[in-house]
Structure formats: C-alpha cells, structure tokens
Number of protein chains: 2
Amino acid sequence: MRTVTGATTSVELREHNRARLLRAVHECGASRTRSQLTKDLDLARGTASVLVTGLSEDSLLHEEPSAEHGRGRPTQIPGPHPCGPVALAADLREDGWEIAAGELGGRITPLAARPHDGTPEGAFGPLAAALRTHLQRYGSRAVGIGLAVPGPVRDDRLVDVSHLGWRAVDAVAGLASGIPAGTLLHVGNDTAFAALAEARRGRMAGVRVGLHLHVDFDLGGVLVVDGRPLGGATGVGAEFGHMPLTGRADPCLCGARGCWAMEVGANALLRHLGLAAGGGRGRDQAQAILARSGKGDPEAAEAVDAGARALGRGIAALVNAHDPEIVTLSGLGVDLFTQGRAALSEAYLAGLMRIRVERLPELAPSELGWSGALLGAMESVFDAFLTPEGLRTWRPRERP
Amino acid sequence: MRTVTGATTSVELREHNRARLLRAVHECGASRTRSQLTKDLDLARGTASVLVTGLSEDSLLHEEPSAEHGRGRPTQIPGPHPCGPVALAADLREDGWEIAAGELGGRITPLAARPHDGTPEGAFGPLAAALRTHLQRYGSRAVGIGLAVPGPVRDDRLVDVSHLGWRAVDAVAGLASGIPAGTLLHVGNDTAFAALAEARRGRMAGVRVGLHLHVDFDLGGVLVVDGRPLGGATGVGAEFGHMPLTGRADPCLCGARGCWAMEVGANALLRHLGLAAGGGRGRDQAQAILARSGKGDPEAAEAVDAGARALGRGIAALVNAHDPEIVTLSGLGVDLFTQGRAALSEAYLAGLMRIRVERLPELAPSELGWSGALLGAMESVFDAFLTPEGLRTWRPRERP
DNA sequence: ACCATTTTGTTCACGGCTAGAGCATAATAA
DNA sequence: TTATTATGCTCTAGCCGTGAACAAAATGGT
C-alpha cells in the first residue's frame, strides 16, 4: 500500500505542526517574523505561541527582537538556538574534500578543506579524522552528516567514481573510524545535492519541475520535482549523463556507448586539445582553457563551443521529455553558459519540440558557485531531521 | 514556500482519516475486511467504527458480510455504496473513442464505443452527446470525468495530436455541449493515464520508481514515482518519445529531429514495409504485420525486430538515467515484447551502464490490455475526489 | 508629555478528535 | 453446550487547535 503522510492522531498533529514551523524557519533562512510565520502557516496566534514556547524550551529555536518595527507591539524573529541542532556536510571530489557545519536557517561555517591522492584510503582516512574532531566539538548538537561524492551511490553507501577507478567503495565503512555508530550519515551524489541546494536556496526555489545539470570532469543531471531531486530505485539518480545523446558510439567508462557525459566537461575540453584526460586530474588545465577562450584563443574557443553545443543538444532532449520550468547549470556549466552562449543556445533551440519553443524553459547559471554540493548535503540532513520522526530523536539541552 | 500536506486542525484530522480510509478501500478493489483496514491504517477499533458509520451515512461506503470466516465474530467488507460516487472515463484515440463508468474500488462498466473521422468536431461532438446521456443518468453521483487523449496536453485542456494535425485543440470547449459547467474534467495524456493504471492496478503496483512505455501509432513514456506519473511544468509529461535516441536526424512531426518515437510503433512498422503511415490510420494493417511475423514471414519479422531493437535501445538510455525498478510496456509494446523479444533484450542489455546490468530492471508487458488509458482516466478522477477537498464537494443522498 | 490606536503575545474555556478500556456480539472448536 | 476468539460498539480521558478576552509594547497625533 502507498504510504500516506500526515498526522493521524492528536499527538501526531502537534508533532506535525512543530516540524512545519521549524521547516518554515529553516527555509527562509530565519528571516521571517513570528507574526508572519503565523499567517503563512495559517495558525491561530495561540497555537503559534504554544509551539514557539515549546520549541524554545527544547532548545530548537531562539527568538530575537526584530530590527524593523511597524506600528503596534513589535514581533520577534525565531532563529537557530545557540545550543540547537547542527548538520555536518562534506564534499568529496576527485582531487580533494572540504567539510562545513550548518545550523537551522542554513548558515554555513567552513571547517576544513584538503586535497587527497585519489585512493579510497587517502581520501576517507583524513576525512574521517577531521569529522571526528568536529563531531566531538559539537557533541549531541550534531544531528547528522551529509556526504557528497562525484559518482552514483547504491544502497546509500556504495560509491563508484569512474575517473578514480573506484568500484563499489563503501563510504560508510570508509568513515567508520571517524563517526560513532548510530550517527546519521547521508551519502549522496554531488549533482543531486547541488540540485537540492538549487531547489532550496538557489534559482530553482519555488519551482515545481526543474532540471539541474552539474558539470565538473564530466556531466551529471537530475530532475527536481516539488523541491526534491528524484532518486532512482536503488538510490542512483542523477545519471542523465549516460544517455546516448551524442549520436556517436564511443565506449564510455560506464559500460555503455555514446554517452552524453563524454562530450561535456573538463575531460572533454582536455581531450579536444589533445591533452590527457579521464583520471580526475586537470581541473587547473581546464580552467586555463576557459581563460584562453575568454581571451580569444580560437583553438580554445572551439573546444568550449563544442562542449556548449553538446550541452545544448542534450538539454533540449531532456526538456522535450520532462517539460521543466527552468534548467539550472552549476560547476563548469556556468562557464560553458557564459563563454559558449551562442553555440549553446543554437543547439538548444534546434533540438526542441515546437510546443517547447512556444513556452521556452529558461537556462539559468547557478548563483551558489561551487558550494552547491556542500549546501545540498547539509539540506539533506535537515530534510531528515525536520520531520516528526527526526525531531523525536532530539534531546533538548538542560536549561542554564 | 513548499506546500505542506497533512492535517493541521482537529477537523482536518477527521477529514484526513476519512479520505485515508476511502483510499484504502479503493486501492484494494474493495477486498479488505474492516478489521484488516483497521490494522493497516493503524487505527483504534473505535475510530474505525466511527469513520465507517459516518461514511456509510454519507452514502460513500456500504458494508457487506465477508464470505470467508475465521474464528471469532465475523467482520464486514466495506465497498462501494449503491448510491456512491461514480467516475466517468473516456479514451479518445486517433480513430475512435470509448467511455466507461467506474465506482469506488475500481470496477468498470463499459458504456459506449464508436469510431470517428479524425476531425475535432467529428470526435468531440458525438462524444459530448454520449457523455451528456450518461451524466444525466448518474445525476449527482458523477464526481468527475477523465479524458485520455493521444498527445501532449497543455494547461489541462489544449491537445496536440500530430497524426491528425490537431494543434492546440481545446478539449474542454469541445465537450462543453455535453457536460454542465462546473463538472470536474481531467484531460490527460493516454500514456500518462496508462501508467497511472499500471501503477495502481497493474504490474507497477507498490513500485517506488518505475518507467511505463505505451506504444500505439508511435511511442510515449513516462516516469512513475511513488504511484504517480510525473507531469511537467505545463502539464505535458509523457514525452520520452521525443528524445533523439535513434542516432539519426530525420525531421519529426514534433519539430525536432531523430526522435525515438519515429522508430517504434504502428507507423514505424508500416513505413518499414513501404506502406503509408503517419495519419492515425492503419491499426489493422499493423496488427496484420505482427500476425505475419508470428507466422514466420521474414520481411514482417525484420520490421518487428527493427522496432524491438529501437525500443530496447531507448529503454536502456532511460534506465541509465532514471534507475527504475521495473519497465512496463502497454499497447503494441506488448506485441513487440512478445514477438521481438530476442532483438529487444539484446539492444536493451547493450545500452546499459555496468551498474544497471548488475541489478537489472525487469521488462514487463502490461496485463491490462488496451484499457489502461481508460482505467487511468478513472483513477485520476478518484485521485482528486478521495482527498479532504474532493470529499467536501460530496452531498450525501437522503437515506431511504 | 499624554493618550488613542495598532499590532502582537498570552491565557483559557470550548468543541472536536483519537486512544483505549469495558462490554456486547457472533462466529468456531472442543 | 461451553470455552475461546475476534470483532463491533460505547463511553471516558487526554490532547489539540480555535478564538475571544486581556495584557503588552510599540507608533502617531495633539
């Protein structure tokens, strides 16, 4: 039977409304006043009063006076409690990692960043140690860890990173030395997390159906429906890059042929100029090619245009199939959009159905920079925590 | 802000539980006993008692004694009330239409079927008249109409049927003469409705992520997530057929090039044998080709194999991208599966990523025959009715 | 400086809901 | 016939949100 959400009993009603209030605070970055929240959530003032008081006593919220006054009694702004929940986030890439902490409302504090050698041990060892340090520092405030990885994730733990030759590397086991058993660990694809961040705090906010494409060494994409990136049956979504949209039949590292991902990204740029590519190295060289193209180097510009054309053609196919309101681009996708705009647009328009052209979905570069995956990893932890089930795990601090 | 579902007040709690109970009855085809429903929905016996009594008084449910007894007091089976809600469903195809009525639990009664001449007037006129007749017969029991059409639907009313040259035909206006203003009319794509039926009462029941492909004159496909086919931003989902997966660049009627839909379906079969194709006619000829292929005719078999290969190749691309648990086929897809199985499987396996082969999604022909779209249209009406908002529109019959 | 006005926060009585206990009911098994 | 078992019905207790009355805290005009 389908799972039905929503409260069933009086007690669940209260839990549901507590979670609803906290999510509203989190979503707006702790910027809405209590009276505004009361109206937005359609609550009676009395109910809001009881909820806020309860959440404050449980050290989940802390009210601050609002800076701006109108006429009438001034209202308060509910925001993160100084002893409130903290989500740890980690972004593991082919050539390094970084970690950060996020609090209710989404404010991020960078904690550490380091390059690694590309082996599972070299990557997970120091990362686990760093996580252990900060987990100890936050103590019971830490409600979970989100880990972004550059490849498909199966069963919430097995990671494949084709550029590094990783096959079914167990991320949970890799971090076991750093995080106590029972700690909530969300392992997810970097593209899916970047899409989540875009849907919550980026250009896809409020959009019902959107498409997010993340370009790094190669390309990943995922559909976002009602603010949530679509995962697959085994958890492995975000693999739009492995559809045969190139019209060619070159074998791809994934096992299929003619994959779209082979023609878009840093690897494609390097290959186009006859450089070594495919090992998860060469981010600087790719950036150099983009810089040369920006300065008018024709050879570099042609490489960029080829990537932009392939990107545009694939986007058109996906727009035809899925009818998104907007298509957002992150990572190198932003550079391809900026520097190869004409080539991209032309290929995009040429590949669309007529009815799609009539209501043309916007192509929008992300404004979150390269931190989308990190932000999304944090959001994923709060998504799980800000539910009746998640909040039941929270033990409030003793009051001072 | 994201819309949050679920009850907020005590009154909504009751409405929520009423809807939950009715949906549970509808989903299982009115086969579960009251005691089973009580357990499944995690209700107290007292609560179930109050709910069932109330719904019976509102002529939404009617309890019948259960045929099978165990030990202990025998339980009842809640099912459709003799004066309960009825959903009308219509399936409009390129060459004809049929209508039916469905009651709570999903039992369907065929009402009428007729060929048409392919013009909007020739199709909608008699259809509207037939609907009017049956709407009058059911009176206030009719809670809505679901209409399946063979093409994309925009803004819940504008229909494009490329094979018939229909462009932005207004289905609501077309039926206005037959249905009173205010009647709920759900216009939807036939593939999406077929997928909905498959998800509720077919081989995709209980599946979290599935892919449904419907083959008729050409091919449509849609992703099913948590029992609901994914629509797009403007309502036009189910257009997987218009991705350039053929590796060729022939112009398609849709305005793009190299569309997958051009190589799969009745039109492709006819074209492969040098017959006229593309006008929404020739269903019989296509069936004849399939029959010849079944009897060993090599020319017909090659046409079938070509379609099966193209189907398999495209399925692989979509499985790579979306990671479904199962792929279901309806319409001519069932015949291509049966008669071109070897060609289909080979192309399917060859196009998959390695990690998809390791956990191979099953290819499953539908068991609902050609009535999937009709069933889905009915389900769509009940989906809207069996909610707190929908039930609020219901006025119970006076008790005898 | 003062007071009316406006808006927000708090408290509490009220009605509605579900849980759960106790009892009645209706079948089977011995 | 009687014990057993499972189900349905009824009623009370406890919890929840609403909305009204009241308190609090600001602004704006006089």
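Every chain is numbered from 1 and lettered A, B, ... according to where its sequence line falls, protein lines coming before strand lines.
Within 3.5 Å, no donor on the side chain of A/R73 pairs with an acceptor on the base of C/dT7, nor the reverse.
Comparing A/G70 and A/L13, the nucleotide of DNA chain D nearest to each residue sits closer to the 5' end for A/L13. Mapping A/V50 and A/G72 onto DNA chain C by nearest heavy atom places A/G72 closer to the 5' end of the strand.
Side-chain proximity of A/S10 to C/dA4, C/dG9, D/dC16: nearest is D/dC16. When distances are taken from the side chain of B/K39 to each of D/dT7, C/dT10, D/dA24, the shortest belongs to D/dT7. The side chain of B/R71 sits closest to D/dA3 out of D/dG19, D/dG8, D/dA3.
The distance between atom CD of A/Q36 and atom P of C/dT7, rounded to the nearest whole Å, is 13 Å. Straight-line distance from the CG atom of B/L51 to the C1' atom of C/dC17: 10 Å, rounded to whole Å. Atom CD in B/E12 sits about 11 Å away from atom P in D/dG17, given to the nearest Å. Atom C1' of nucleotide D/dG17 and atom NE2 of B/H16 are separated by 17 Å, given to the nearest angstrom. For the pair B/L37 CG and D/dT7 P, the computed distance is 12 Å after rounding to whole Å. Atom CG in B/D42 sits about 13 Å away from atom C1' in C/dG20, given to the nearest Å.
If you check every strand for non-hydrogen atoms under 4.0 Å, B/T8 touches sugar and phosphate atoms only. Heavy atoms of B/T9 sit under 4.0 angstrom from primed sugar atoms or phosphate atoms, though from no base atom. When heavy atoms are screened at a 4.0 angstrom cut-off, A/R45 is found touching base atoms of the nucleic acid.
With respect to the salt-bridge test (charged N to carboxylate O, under 4.0 angstrom), the residues A/E27 and A/R23 do not qualify. A salt bridge between B/E15 and B/R392 is present, with a side-chain N of the basic residue lying under 4.0 Å from a carboxylate O of the acidic one. Comment: A/D383 does not engage A/R228 in a salt bridge, judged by the lack of any side-chain N to carboxylate O separation of less than 4.0 angstrom.
No option in A/L60, A/L22, A/T393, A/V381 other than A/L60 meets the side-chain contact (heavy atoms from CB on, under 4.5 Å) test with A/P85.
In this model, the phosphate group of C/dT18 is not approached by any side-chain N or O of B/R18 to a distance below 4.0 Å at OP1 or OP2. At least one side-chain nitrogen or oxygen of A/R14 sits closer than 4.0 Å to the OP1 or OP2 atom of D/dG17. Side-chain nitrogen and oxygen atoms of B/T47 include none within less than 4.0 Å of the OP1 or OP2 phosphate oxygen of C/dC17. Between B/S35 and D/dT7, a side-chain N or O to OP1/OP2 separation shorter than 4.0 Å is present. Applying the 4.0 Å criterion to OP1 and OP2 of D/dG17, one finds that A/N17 has a side-chain N or O inside that range. A close approach under 4.0 Å does not occur between any side-chain nitrogen or oxygen of A/S49 and OP1 or OP2 of C/dG9.
At least one side-chain heavy atom of A/H26 sits less than 4.5 Å from a side-chain heavy atom of A/L386.
With values rounded to the nearest 0.5 angstrom, A/R157 atom CZ is found 9.0 Å from A/L185 atom CG.
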